[in-house]
Amino acid sequence: MKRYLTRHKPFPWQKKGLLFEPVGNEYSHGSHPCAVHLKDDLYVIAFTRRDARQRSHIFLSYATVSNGQVVLEGSPKLALLPGEPCCFDCDGVISVCLVKHKESIYLYYVGWQNLPESLWICDTGRAVLDPDQLTLTREYQGPVLGRDKTNPLFAAATAFHVSDDLWQTWYNSGIRWEKTPQGWKHFYGIHYAESTNGVDWTCHPGMCLPFADEYEYAFGRPSVIKIGDTYFMWYAHRATRFIDTYRIGFASSTDGRHWDRNDDLSGIDVATTGWDSEMICYPCVFEHQGLMYMLYNGNDYGKTGFGLAVMENWK
């Protein structure tokens with residue numbers, strides 16, 4: 001992968017099409033897909049759907065990953081509902097990252113709370129995956145990473161890397177809300193934190209990736225993969241002077257804290273027509289049997305479902 005950095009060449013992602021298309025009237029969307037390897041070619045994929053009240057729910061599905069293809073097996077199963085009244089996740093739960101550690105598999109998720117005037121809060125929860133029963137169980141009613149003296153607005157952890165007992169996360173922390181003639185506008189960016197147990201976190205102040213200019217105001221879920229001594233991050237970001245919808249950018253790092261941003265290397269962009277022609281966002285990148293896979297969303301924050309891109313010649 002480093003040869004693309006040294007040669008300043010875009011990563012050769014090849015789009016393979018739509019994997020999950022929302023159908024039916026009970027739930028819309030299919031956003032924030034993330035995956036974890038179980039055995040052989042078997043994976044579990046978590047993703048988020050919305051009910052008629054626009055509350056997010058988390059679904060699980062088995063998937064076969066092989067030879068550049070991902071096939072969802074059976075019907076997706078509803079696995080995590082919004083939390084109890086007044087809890088941090090009472091208005092929705094959003095899948096962000098599946099993490100395997102020792103004998104356990106965890107799903108980190110974002111809990112959503114709606115506030116007056118269309119303001120909101122989103123902090124980080126953790127649930128335990130039972131891969132045999134395809135169920136999720138909350139570990140805590142409260143967040144494992146949330147608002148505090150370092151993160152006064154919210155703390156939504158979205159990407160993780162675990163090595164022995166060092167847990168690293170790249171999370172979105174709210175920067176400010178700005179009142180505009182159209183309503184409140186949010187500003188948030190990717191920050192960094194470390195932990196020894198995945199629950200108690202030490203946050204490092206400051207954005208990992210500064211905004212590119214005065215038009216950019218938000219980063220969507222990043223996905224981080226470490227190969228050798230280099231961290232590779234794909235992330236959603238918006239906006240530019242002429243485009244207000246998400247695009248997928250790229251950055252690299254040698255320590256996970258200080259990043260070299262180069263969106264031109266991302267290697268993936270909107271299509272000319274179709275389900276991902278207006279927006280691409282919320283990437284999830286993983287390697288399997290010598291191929292690199294990316295699950296990602298398209299138009300309208302996943303309302304059109306999620307699709308797949310594959311990178312073959314990355315080594």
Side-chain angles (χ1 to χ4, degrees), residues 31-32 34 46 48 56 58 80 82-84 86-99 101 106-115 118-127 136 138-162 166-178 184-211 216-224 231 233 235-238 246 251 253 256-259 281-284 301:
S31 70
H32 298 81
C34 52
T48 301
S56 295
I58 295 174
L80 197 67
E84 296 296 323
C86 284
C87 286
F88 80 102
D89 54 358
C90 62
D91 291 316
V93 288
I94 300 172
S95 51
V96 289
C97 193
L98 284 159
V99 177
H101 184 247
Y106 302 100
L107 174 72
Y108 285 88
Y109 68 93
V110 169
W112 196 273
Q113 274 188 314
N114 290 319
L115 300 178
S118 297
L119 298 167
W120 42 263
I121 302 168
C122 56
D123 289 331
T124 310
R126 194 169 86 165
L136 291 168
R138 282 178 174 84
E139 282 195 286
Y140 311 95
Q141 279 196 301
V144 296
L145 179 61
R147 287 182 296 166
D148 59 15
K149 61 183 180 296
T150 305
N151 305 290
L153 299 183
F154 58 81
T158 50
F160 293 81
H161 182 267
V162 184
L166 173 62
W167 297 64
Q168 299 171 286
T169 186
W170 296 267
Y171 68 98
N172 266 321
S173 182
I175 298 170
R176 70 182 187 274
W177 287 91
E178 186 177 287
W184 288 101
K185 181 178 180 178
H186 51 69
F187 292 78
Y188 54 83
I190 300 171
H191 293 60
Y192 176 76
E194 293 181 351
S195 172
T196 58
N197 58 15
V199 174
D200 304 300
W201 295 90
T202 299
C203 298
H204 297 266
M207 292 175 63
C208 291
L209 300 175
F211 291 133
E216 194 167 69
Y217 62 92
F219 290 87
R221 183 189 65 180
S223 181
V224 175
Y231 296 83
M233 178 194 290
Y235 52 85
H237 64 100
R238 60 176 174 172
Y246 274 127
S253 172
R257 292 184 60 185
H258 305 91
W259 292 83
C281 55
Y282 311 143
C284 171
Y301 310 98

Can a donor-acceptor pair be found, under 3.5 Å and without considering hydrogens, that links the side chain of Ser56 to the backbone of Thr48?
no
Decide if atom CD of Glu178 counts as having more than 12 heavy atoms of other residues, nucleotides or ligands within a radius under 6.0 Å.
yes
Angle between ring planes, Phe154 versus Trp120, binned at 30° and 60°: parallel, tilted or perpendicular?
tilted
Across all chains, not counting sequence neighbours, the side-chain hydrogen bond (donor to acceptor under 3.5 Å, both in side chains) partners of Trp170 are none
Pairwise distance CG(Leu145) to OG(Ser195) - rounded to 0.5 angstrom
9.5 Å
Mutual orientation of the aromatic rings belonging to His191 and Tyr171 [parallel < 30°, tilted 30-60°, perpendicular > 60°]
tilted
How about Tyr217 and His186: are their ring centroids closer than 6.0 Å?
yes
Partners passing salt bridge (charged side-chain N to carboxylate O under 4.0 Å, His left out) against Arg238 (at least two apart in sequence or in another chain):
none
Can a side-chain donor-acceptor contact be found between Ser173 and Asn151 if the only test is distance below 3.5 angstrom?
yes
Please work out whether the ring planes of Trp167 and Tyr108 are parallel, tilted or perpendicular, with thresholds of 30° and 60°.
perpendicular
For the side chain of Glu194 and the backbone of Thr169, is there at least one donor-acceptor N/O pair under 3.5 Å apart?
no
Taking every non-hydrogen atom, the tightest pair across His204 and Ala193
CD2-CA, 4.3 Å
CA sep, side-chain torsions, deciding dist, call: Ile175, Met207, side-chain contact (heavy atoms from CB on, under 4.5 Å):
CA-CA 9 Å; Ile175 298 170; Met207 292 175 63; 3.3 Å; yes
Can a donor-acceptor pair be found, under 3.5 Å and without considering hydrogens, that links the side chain of Thr124 to the backbone of Gly146?
no
For Tyr231 and Gln168, run side chain to side chain donor-acceptor pair (under 3.5 Å): C-alpha distance rounded to whole Å, both residues' side-chain angles, the deciding distance at 0.1 Å, then the answer.
CA-CA 11 Å; Tyr231 296 83; Gln168 299 171 286; 3.0 Å; yes
Taking Asn172 for the side chain and Phe219 for the main chain, is one N or O donor matched with an acceptor at less than 3.5 Å?
yes
Applying salt bridge (charged side-chain N to carboxylate O under 4.0 Å, His left out), name anything that partners Glu139, two or more places apart in sequence or on another chain.
Arg126
